[in-house]
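Okay, so here's the structure we're looking at.
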Amino acid sequence: MSTLDLILALGGAAALLAAILPEVLAGRPLSLPLVYLLAGVVLFALPIGLPDPDPIAHRTALEHITELCVVISLMGAGLAINRRAGPRGWSTTWRLLGLTMPLTVAGVAAAAMALPGWPIGAALLLGAVLAPTDPVLASDVHVGEPVDAANADDEVRFALTSEAGLNDGLAFPIVYAAIAVATAGGAGWLGEWALVDVLYRTAAGVVSGLLIGRLLGRLFFRARSGGLRLSERRDGFVALAATFLAYGVTELAHGYGFVAVFVTACTIRRAEHGHGYNNVLHGFVEQVERLLTAWLLLLLGGFVATGGLAALTWRGAAVGLLLLLVIRPLAGWLTQWRGRAGPRERLAISFFGIRGIGSLFYLAYALGEAGFGVPAEELWAVTGFTVLASVVLHGVTATPVMDRVDAIRASRRAEAPDL
């Protein structure tokens with residue numbers, strides 16, 4: 001039996017389960033990512049000849065696979081959001097991006113310097129890697145299918161979806177800052193970093209996403225020729241074309257492709273808010289995302305089973321647990337003070353700062369650009385442990401917590417049916 005045959009067989013089984021398990025696990029306090037993670041641990045612990053999923057030896061491949069998974073999930077997140085963008089309707093999102101995320105980066109960096117004693121470049125990198133919430137693993141707390149009503153999304157699901165859609169791209173400037181600290185040192189890089197990595201790349205991502213989204217929206221829904229009006233042909237794979245076009249064009253212009261993909265998806269959705277073609281596009285993207293997620297989580301489980309956490313110290317583990325249990329919840333709670341979300345919604349939004357595939361991408365990318373004075377094995381161990389802990393913690397609690405949030409929302413509607 002060849003290794004390739006074994007990989008194909010297991011990949012096919014994982015793909016089949018990706019179609020079956022969501023229905024089986026619906027309503028249970030057990031998430032699909034957690035099942036795949038456990039399955040990966042079991043599979044790679046068996047003596048069946050699977051290759052070692054070493055993120056250091058296969059850094060480039062891991063970078064590109066996780067990059068692909070994230071951009072596809074960003075398209076799905078943008079297509080699913082029903083609320084129109086604006087200062088008031090998205091106020092919770094702006095607080096999470098502008099306040100919670102920087103506080104989280106600072107908190108993680110401070111913990112990494114104080115506990116494991118890492119140099120500032122490595123500590124800042126860990127803060128950047130672990131700051132973004134994940135659009136891939138958070139399906140249980142994200143908005144679902146596109147619907148007609150613009151106010152259909154509850155504040156918790158909307159906030160977590162929109163935050164994850166944008167902060168994956170907005171973590172890049174901090175990653176670049178960590179790379180500059182590790183390679184250049186001093187403060188001479190700050191001016192170029194602020195102008196290029198913060199202002200230009202972010203603006204290029206937003207502008208590119210808006211332009212491509214409007215162009216594709218016109219093509220999909222309003223082209224004069226019926227042959228060009230793709231919404232009449234129901235081809236879901238066009239969502240991948242939009243994803244790759246927005247990402248590729250923006251990256252060629254040295255902008256943030258993650259930001260562009262999400263903005264493109266939101267703009268396409270706005271072109272014809274209630275059109276059924278949005279559901280077709282979203283459904284196809286969701287299927288591809290589920291498939292890639294299944295394979296990546298099997299590999300993450302294999303990373304654990306083959307000793308990937310051997311370099312983890314209790315101090316490194318403490319940083320990850322502090323992020324999940326103290327830093328993110330506290331920062332999220334404080335920055336939502338007097339915001340749109342009610343007290344219990346604030347708790348849920350603050351708690352579900354899920355870490356996942358985006359963190360793996362950023363670490364793989366950064367380690368290809370510079371050394372940070374900390375062994376790569378230790379960086380991977382801390383990041384892998386944090387993602388693992390997030391999958392377990394949030395995977396077990398997502399269903400009961402969101403059921404409670406939905407019950408509170410239904411009770412409020414019953415008391416005030418005109419809202």
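All of these numbers come straight from a predicted model, not from anything done at the bench.
- Within the 4.5 Å cutoff, no side-chain heavy atoms of Leu96 are placed close to those of Thr133.
- The line from CZ of Phe258 to CG of Leu166 is 12.5 Å long, rounded to the nearest 0.5 Å.
- With Trp118 as the fixed residue, the side-chain contact (heavy atoms from CB on, under 4.5 Å) test singles out one of Leu125, Leu124, Val382: Val382.
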Check your understanding: For Trp90 and Ile81, what are the C-alpha separation, side-chain angles and deciding distance, and is it a side chain to side chain contact (heavy atoms under 4.5 Å, CB included)?
Key -> CA-CA 11 Å; Trp90 284 51; Ile81 287 180; 4.1 Å; yes

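- When atom types are taken as modelled, the side chain of Ser390 and the backbone of Val387 share no donor-acceptor pair closer than 3.5 angstrom.
- When only modelled atom types and interatomic distance are considered, Thr335 and Thr100 share a side-chain donor-acceptor pair under 3.5 Å.
- One N or O on the side chain of His273 and one on the backbone of Asn82 form a donor-acceptor pair closer than 3.5 Å.
- Remark: side-chain polar atoms of Gln336 are paired, donor with acceptor, to backbone N or O of Gly332 under 3.5 angstrom.
- The local environment of CD1 in Ile120 is sparse, with at most 12 non-hydrogen atoms from other residues, nucleotides or ligands closer than 6.0 Å.
- A donor-acceptor distance shorter than 3.5 angstrom exists from the side chain of Asp154 to the backbone of Arg157, with no hydrogens or angles considered.
- Here the straight-line distance linking atom CZ of Phe44 with atom CG of Leu299 works out to 5.5 Å at 0.5 Å rounding.
- With a 4.5 Å cut-off on side-chain heavy atoms, Leu230 and Tyr277 count as touching.
- Environment of CZ in Arg214: sparse, with no more than 12 heavy atoms of neighbouring residues, nucleotides or ligands closer than 6.0 Å.
- Using a 4.0 Å cut-off between charged nitrogen and carboxylate oxygen, Glu155 and Arg344 do not count as a salt-bridge pair.
- The closest donor-acceptor contact from the side chain of Asn167 to the backbone of Leu97 lies at 3.5 Å or more, if one exists at all.
- What you find for Gly236 and Leu281 is that their closest heavy atoms are O-CD2, 3.9 Å.
- Taken from OG1 in Thr264 to CG in Leu211, the straight-line distance is 9.0 Å, to the nearest 0.5 Å.
- The main-chain N or O of Val70 is found under 3.5 Å from a side-chain atom of Ser73 such that the two form a donor-acceptor pair.
- For the atom pair CH2 of Trp380 and CZ of Arg59, the computed distance is 9.0 Å after rounding to the nearest 0.5 Å.
- Interatomic distance, OG1 of Thr306 versus CG of Asp54, reported as 7.5 Å (0.5 Å rounding).
- Residues Phe172 and Tyr176 place their aromatic rings such that the two centres sit under 6.0 Å apart.
- Applying side-chain contact (heavy atoms from CB on, under 4.5 Å) to Ile179 and the options Trp193, Phe372, Trp189 leaves one that passes, Phe372.
- Between Glu272 and Arg222, at least one side-chain nitrogen of the basic residue sits less than 4.0 Å from a carboxylate oxygen of the acidic one, meeting the salt-bridge criterion.
- Side chain of Glu345 to main chain of Gly342: a donor-acceptor pair is present (N/O by atom type, distance under 3.5 Å, no hydrogens or angles).
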**Study point:** Chi angles and distances behind the side chain to side chain contact (heavy atoms under 4.5 Å, CB included) call for Glu67, Tyr365
**Key:** CA-CA 9 Å; Glu67 182 180 26; Tyr365 174 83; over 6 Å; no

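- The main-chain N or O of Thr250 is never found under 3.5 Å from a side-chain atom of Tyr256 such that the two would form a donor-acceptor pair.
- Panel note: side chain Arg328, backbone Leu323; no donor-acceptor pair is recorded below 3.5 Å.
- Looking at His394, its side chain never comes within 3.5 Å of a backbone N or O of Arg355 through a donor-acceptor pair.
- For the atom pair Leu210 CG and Leu215 CG, the distance stands at 12.5 Å (nearest 0.5 Å).
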